[in-house]
Amino acid sequence: MSVSKSIVTVIFIVDTSGSMCGQKIESVNAAVAECLGVLRKYQTGNENLMTGFLTFDEKAGDLVWERDGGAAVFKVKPKSNGFYSMTSFSCLYEGLYAVLRECQTDRLCLFLITDGRPTDSGEYADALEKVKSLEVFRRADRYVVLSGNDTGGIGNDVLEFVGFQADKIIHLSDLSGCMAKVQMLTADDGGNKARYESIFGD
């Protein structure tokens with residue numbers, strides 16, 4: 001008799017607006033590649049781990065699954081006109097709603113990677129409420145990952161994403177370390193706890 005495994009889904013949501021150009025986006029690419037290495041170690045013997053990537057600026061991009069090519073596919077590059085767009089959380093939440101309403105998963109972890117306040121601060125309430133109406137979003141482990149050194153002024157916009165849990169806001173340099181401690185990856189689910197300890201040495 002086979003035992004069904006829980007489906008675990010990790011989605012990186014990356015701000016590709018103008019302020020993310022240059023070193024910031026290169027640092028994001030490097031940090032996400034490092035996280036994929038962490039997740040691949042976890043995935044050994046656990047084929048029900050799904051990893052996806054969603055970009056946004058003034059519009060939401062398409063969800064790309066890691067199985068479609070992995071880090072080689074997910075390397076954010078400047079668009080033909082460079083990174084000149086603005087950060088719209090309305091577009092973020094509309095894109096996320098479209099993705100999550102179709103999401104079939106037992107456990108979900110979302111990492112929003114951005115460098116500052118959205119240009120539509122205070123104007124995305126309706127889009128946020130739609131996402132918050134989804135049980136899969138409410139149950140998800142949600143983190144905000146700050147990129148760059150000019151993130152000190154970030155306030156309620158990112159706090160709303162994490163349900164006003166300030167400890168869920170981390171810096172990009174801490175992303176892989178945070179990934180190694182995410183509760184859904186450390187739960188004792190058919191030996192996953194022992195596998196986690198063997199991978200991360202905790």
Side-chain angles (χ1 to χ4, degrees), residues 9-40 51-100 109-125 127-128 131 140-162 166 168-180 182:
T9 304
V10 177
I11 299 177
F12 297 95
I13 308 159
V14 182
D15 179 354
T16 57
S17 63
S19 60
M20 289 290 288
C21 69
Q23 184 58 47
K24 285 183 186 177
I25 207 65
E26 291 305 319
S27 296
V28 169
N29 286 334
V32 171
E34 188 176 351
C35 286
L36 287 177
V38 171
L39 289 171
R40 286 191 187 103
T51 307
F53 310 98
L54 182 69
T55 59
F56 76 99
D57 43 46
E58 293 174 346
K59 64 181 184 204
D62 294 325
L63 180 65
V64 177
W65 291 109
E66 194 264 348
R67 65 173 182 264
D68 294 336
V73 168
F74 187 74
K75 183 169 175 66
V76 180
K77 299 176 183 176
K79 301 165 193 169
S80 58
N81 63 345
F83 284 81
Y84 297 120
S85 52
M86 296 182 287
T87 306
S88 168
F89 271 25
S90 293
C91 292
L92 158 66
Y93 289 124
E94 287 165 8
L96 197 54
Y97 179 79
V99 166
L100 295 185
C109 187
L110 301 172
F111 289 93
L112 169 59
I113 305 175
T114 186
D115 69 339
R117 297 175 186 270
T119 53
D120 59 351
S121 182
E123 300 173 9
Y124 55 80
L128 174 58
V131 174
D141 281 329
R142 304 189 302 271
Y143 295 84
V144 169
V145 184
L146 301 178
S147 175
N149 297 320
D150 55 348
T151 56
I154 289 180
N156 286 347
D157 298 300
V158 296
L159 280 169
E160 284 179 322
F161 183 84
V162 295
K168 295 290 185 81
I169 299 178
I170 62 174
H171 194 271
L172 184 64
S173 60
D174 300 321
L175 178 55
S176 62
C178 175
M179 178 74 65
V182 171

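- In plain terms, the two heavy atoms of Thr119 and Ser88 that are nearest each other are OG1-N, 4.4 Å.
- Taking NZ of Lys24 as the start and OG1 of Thr16 as the end, the distance is 13.0 Å to the nearest 0.5 Å.
- Summarising the geometry of Ser17 relative to Ser85, their closest heavy-atom pair is CB-O, 3.4 Å, with the distance given to 0.1 Å.
- Between the side chain of Ser176 and the backbone N or O of Cys35 there is no donor-acceptor pair closer than 3.5 Å.
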Legend entry - Full working for side-chain contact (heavy atoms from CB on, under 4.5 Å) between Thr9 and Trp65: CA-CA 10 Å; Thr9 304; Trp65 291 109; 3.9 Å; yes

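- Partner of Ile170 under the side-chain contact (heavy atoms from CB on, under 4.5 Å) criterion, chosen from Leu146, Val162, Val144, Val145: Val145.
- Note: His171 NE2 to Ser147 OG = 6.5 Å, rounded to the nearest 0.5 Å.
- The minimum heavy-atom distance between Cys178 and Tyr143, with the atom names listed, is SG-CE2, 3.5 Å.
- When all heavy atoms are compared, the tightest approach of Asp141 to Lys168 is OD1-NZ, 4.1 Å.
- For the pairing with Phe53, the side-chain contact (heavy atoms from CB on, under 4.5 Å) check across Leu63, Val32, Ile11 returns one residue only, Val32.
- If you take CG on Leu96 and CZ on Phe161, they are separated by 6.0 Å, rounding to the nearest 0.5 Å.
- Here the straight-line distance linking atom OG1 of Thr87 with atom CG of Leu92 works out to 10.0 Å at 0.5 Å rounding.
- Within the model, atoms CZ of Phe12 and CE of Met179 stand 3.5 Å from one another, a figure rounded to the nearest 0.5 Å.
- Not a single donor-acceptor pair under 3.5 Å links the side chain of Thr55 to the backbone N or O of Val14.
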Inset, instruction - Test side-chain contact (heavy atoms from CB on, under 4.5 Å) on Phe56 and Leu112 and set out the steps. - result: CA-CA 10 Å; Phe56 76 99; Leu112 169 59; 3.6 Å; yes

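- Going from atom CE of Met20 over to atom CG of Asp115 covers 5.0 Å, rounded to the nearest 0.5 Å.
- Asp120 places a side-chain N or O within 3.5 Å of a backbone atom of Ser90 that can act as its donor or acceptor partner.
- Contact between Asp157 and Tyr93 at its shortest, heavy atoms only, is O-OH, 4.3 Å.
- Closest heavy-atom contact between Leu159 and Ala166: CD2-CA, 4.1 Å.
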